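What you see is a predicted model, and the numbers here were worked out from it, not measured in a lab. Residue numbers begin at 1 in each chain, while the letters A, B, ... track the order of the sequences.
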Protein chains: 2
Amino acid sequence: MSAEFRCNCPITSAIDLMGDKWSLVVVKNMLLYNQKTFKDFSEASENIATNILSSRLKRLEQNGFITKTKPLNNKKTNIYLLTEKGLSLIPIIVELAIWGDANIHIPSSQEAENGQIAVINNDKESFIKNLKKSYKEKIEAID
Amino acid sequence: MSAEFRCNCPITSAIDLMGDKWSLVVVKNMLLYNQKTFKDFSEASENIATNILSSRLKRLEQNGFITKTKPLNNKKTNIYLLTEKGLSLIPIIVELAIWGDANIHIPSSQEAENGQIAVINNDKESFIKNLKKSYKEKIEAID
DNA sequence: ATTTTTGCTTTTGTTTTGCAAGTAAAAATA
DNA sequence: TATTTTTACTTGCAAAACAAAAGCAAAAAT
């Protein structure tokens, strides 16, 4: 997957970077479910194949959306964390959540977060801020 | 491309529907550049192949994002228009625009809309409303 | 009547994705 | 300490999606 841009439209370029089946899903899982290891991602409900996951993590790191580090007490497990650039995708992910919640009706998700999305919609800005803040607090607690 | 959903996460499902390289690009070109015919889309700066365009238009129509009609005075040209469901994607496209504008630096687009995005950001809600309204007014003028 | 335009489809690659298996090093367990 | 398990990958191969080019039929323009 080349990092080339089709044209100089910022919307199209954003899609060139993040508009594939997996990149935003990985970022979402980092953000909302606190996933941070290869194992975490590969066990997510989306069932990403490990070769795809590996290539996506590499690309996300190369493009500055995530960092890859090893914790002090473990030489094996890699910890992937969102950078500021990665966190700057939150507004896009929030809009996808609102849209998906309003427009996709999956039988088995009737019991899911009803009304939650309405709350987000009413104070989107502070929801985004809080999500970013709480992610940052969580990763501070790791080191 | 099947319309199946990987899991019951609304974000992932939104990506299942619109998270490919072309669907949102076509919608964007309808919305911002008033494109509405096969020819319009195939001549856009993204250079979509006609077979891909054909399959994307079919899928967008099947999923209720666009309609396909023939104008009264022309038996040949098809007119593709965004439905309400298609227009409901505007907030996502706006966030992609803001993100792309802030994060992607393409050499040849230095002269592009500087400051415009800041304006959008300051009153996002009314920008979205106006974009929707102006699209609807334009398509009224067609019939 | 002929040429051009429009909206496709078809053909033939190439690239990306997905599944299954394999692997090497580290960590946990016996 | 030896063996087993876990983690983070890579490899190989099949399937699906994408892309470039050509072809085509009907409508519109000349």
Side-chain angles (χ1 to χ4, degrees), chain A residues 1-7 12 15-26 29-30 33-63 66-81 142, chain B residues 1-7 12 15-26 29-30 33-63 66-81 142:
Chain A
M1 187 183 282
S2 75
E4 300 284 306
F5 297 116
R6 279 170 281 186
C7 60
T12 303
I15 295 168
D16 284 333
L17 273 179
M18 301 300 293
D20 71 288
K21 209 174 155 182
W22 293 108
S23 298
L24 279 176
V25 168
V26 171
N29 284 338
M30 294 175 84
Y33 303 113
N34 215 27
Q35 296 181 5
K36 43 187 171 300
T37 64
F38 194 92
K39 196 184 175 238
D40 287 344
F41 303 131
S42 65
E43 284 174 348
S45 60
E46 283 90 1
N47 271 311
I48 186 169
T50 56
N51 55 345
I52 308 290
L53 174 57
S54 176
S55 78
R56 274 326 102 97
L57 290 172
K58 229 162 252 169
R59 210 170 90 99
L60 286 169
E61 194 193 1
Q62 279 168 359
N63 290 329
I66 64 173
T67 57
K68 177 185 183 178
T69 50
K70 277 195 205 304
L72 297 171
N73 55 350
N74 189 318
K75 283 173 194 170
K76 174 145 217 230
T77 305
N78 292 313
I79 303 287
Y80 298 92
L81 296 174
I142 294 168
Chain B
M1 187 184 283
S2 74
E4 300 284 307
F5 296 117
R6 279 170 281 186
C7 60
T12 302
I15 294 169
D16 284 334
L17 274 179
M18 302 300 292
D20 70 290
K21 208 175 155 183
W22 292 110
S23 299
L24 279 176
V25 168
V26 171
N29 284 338
M30 296 175 83
Y33 304 113
N34 216 25
Q35 296 180 6
K36 42 187 171 302
T37 63
F38 194 92
K39 197 186 174 237
D40 287 343
F41 303 130
S42 65
E43 285 175 346
S45 61
E46 283 90 0
N47 272 310
I48 186 168
T50 56
N51 54 348
I52 308 291
L53 174 58
S54 177
S55 78
R56 274 325 104 94
L57 290 172
K58 230 163 252 167
R59 209 170 92 99
L60 286 170
E61 194 193 0
Q62 279 169 359
N63 290 331
I66 64 174
T67 58
K68 177 185 183 177
T69 50
K70 276 195 207 302
L72 297 171
N73 56 350
N74 190 318
K75 284 173 191 167
K76 174 143 217 231
T77 306
N78 293 311
I79 302 286
Y80 299 92
L81 296 174
I142 293 169

Please report, rounded to the nearest Å, how far the [atom2] atom of [N] is from the [atom1] atom of [X].
X	N	atom1	atom2	answer
B/Asn73	C/dT6	CG	P	14 Å
B/Glu46	D/dA19	CD	P	12 Å
B/Leu53	C/dT6	CG	P	14 Å
A/Arg59	C/dT15	CZ	P	16 Å
B/Lys75	C/dG7	NZ	P	16 Å
A/Ile52	D/dG12	CD1	P	16 Å
B/Arg56	D/dA17	CZ	C1'	8 Å
A/Lys21	D/dC18	NZ	C1'	14 Å

Passes side chain to side chain contact (heavy atoms under 4.5 Å, CB included), B/Glu61 versus B/Thr67? Steps please. CA-CA 6 Å; B/Glu61 194 193 0; B/Thr67 58; 5.9 Å; no
Any donor-acceptor N/O pair, B/Asp16 side chain to B/Arg6 backbone, under 3.5 Å: yes
To the closest 0.5 Å, what do you measure between [atom1] ([X]) and [atom2] ([Y])?
X	Y	atom1	atom2	result
B/Arg56	B/Leu60	CZ	CG	8.5 Å
A/Asp40	A/Thr77	CG	OG1	9.5 Å
A/Lys39	A/Leu53	NZ	CG	13.5 Å
A/Met18	A/Leu24	CE	CG	4.0 Å
A/Glu43	A/Thr37	CD	OG1	7.5 Å
A/Tyr80	A/Gln35	OH	CD	13.0 Å

So what's the dot-bracket for DNA chain D: Watson-Crick or G-U pairs under 3.5 Å, [ ] if a pair crosses, | if it pairs off-strand? ||||||||||||||||||||||||||||||
Taking every non-hydrogen atom, the tightest pair across A/Leu57 and A/Ile66: O-CD1, 3.6 Å
Using only heavy-atom distances, determine whether the side chains of A/Ser54 and A/Asn51 contain a donor-acceptor pair under 3.5 Å. no
Heteroatom pairs (N/O) under 3.5 angstrom, protein to nucleotides 7-9 of chain D:
residue	atom	partner	partner atom	Å
D/dT7	OP2	A/Lys39	NZ	3.0
D/dT7	O4'	A/Lys76	NZ	3.4
D/dT7	N1	A/Lys76	NZ	3.4
D/dT7	O2	A/Lys76	NZ	2.4
D/dA8	OP1	A/Asn78	N	2.9
D/dA8	OP1	A/Asn78	O	3.4
D/dA8	OP2	A/Phe38	N	3.3
D/dA8	OP2	A/Lys39	N	2.8
D/dA8	O3'	A/Asn78	ND2	3.4
D/dC9	OP1	A/Lys68	NZ	3.2
D/dC9	OP2	A/Asn78	ND2	3.0
D/dC9	OP2	A/Tyr80	OH	2.2

Side chains of B/Phe38 and B/Lys68: does their closest heavy-atom pair fall under 4.5 Å? no
Judged by nearest nucleotide, the residue sitting upstream toward the 5' end of DNA chain C, B/Asn51 or A/Trp22, is B/Asn51
Dump the pairs, protein N or O against N or O of nucleotides 28-30 of chain C, anything under 3.5 Å, distances to one decimal.
none

